[in-house]
Amino acid sequence: MLDQDAIVRYARQLVLPEIGGTGQAKLAQARVLVVGAGGLGSPLLLYLAGAGIGRLGVVDDDRVELSNLHRQVLHGSGTIGLAKTESARRRLHDVNPGIEVVAHDTRLDAGNAEALVRGYDLVADGSDSFATRAAVHAACLHVGVPLVSAAIQGVSGTLTTFKAHLGPPHPCFHCLYPATPPAGLVPSCAEAGVLGPAVGALGGLQAVEVMKEVLGVGESLSGTLLLYDALAPELRRLALPRVPDCPHCGGASCG
Ligand SMILES: [Zn+2]
């Protein structure tokens, strides 16, 4: 049962037929891990905290820098120099003291990804390196939790949901990226630049997909890739089929 404070706090989403009291209870019971408290993680964490996701895990090993603030709206001048997880914990507690925020002040890699993912019902990845995104996906596939994955560079980005652990027709990360790009070929945010509000728009869309998965409403993005181009501006949805002979999700090993 929601107390009086919660009824007021969530009033504007409780009246939505897609949420209501039952949906709000699902959000409160949900455990969501967010990888990266940066440009995508900022709107993602703020909206998920505001919506009342019961346990929010935050993985990041960076500290807040002045050059982050044009896009990483979770942080501010007052937390420059602090660990991003601690800066996030303070801000999210201010947004919603009724939720639990778990800080994982570490860099997610292939060695610790599974241990981090276990204990969560869903993972949202807003990290900025291909290696990290591949490691997050491998852990989610093995542990069996859905992954809402976004990436952005410059003025355009992508968003999709991976549920290949459920078998066909759901594709996996490697159906989309069959080969690992050579190190140095994909420029970082620092090298290529990134438009702050474009990151915010994509992170907001990512938060919507996380809420839909938790609530079990609407159409899942699994099997489709959303392409966002801020300059056109355009939002395109492409089919993302499962590759039959994909070595990561195809064959008899899965499904
Ligand atoms: Zn695959």
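Just so it is clear, the model here is predicted, and its values are computed rather than measured. For ligands, and for the atoms within them, numbers begin at 1 and follow the listed sequence. Residue indices begin at 1 and follow the sequence shown.
Taking the six-membered ring for Trp and thresholds of 30 and 60 degrees, His137 and His174 have ring planes more than 60 degrees apart, a perpendicular arrangement.
By the side chain to side chain donor-acceptor pair (under 3.5 Å) test, Asn96 is found to be paired with Tyr10, residues two or more places apart in sequence or in another chain being considered. Looking at residues two or more places apart in sequence or on another chain, you find a side chain to side chain contact (heavy atoms under 4.5 Å, CB included) between Gln4 and Ile7, Val8.
Looking only at distances, a side-chain donor or acceptor of Asp109 sits under 3.5 Å from a matching main-chain atom of Asn112.
Within the hydrophobic cluster formed by Ile, Leu, Val, Met, Phe, Trp and Tyr side chains joined at under 4.5 Å, directly or through other members, Leu69 is accompanied by Val64, Leu66, Ile80.
Judged purely by distance below 3.5 Å, without hydrogens or angles, the side chains of Thr79 and Ser87 pair a donor atom with an acceptor atom.
Sorted by chain and number, the protein atoms of type N, O or S within less than 2.8 Å of the Zn ion (ligand 1) are Cys172 SG, Cys175 SG, Cys246 SG, Cys249 SG.
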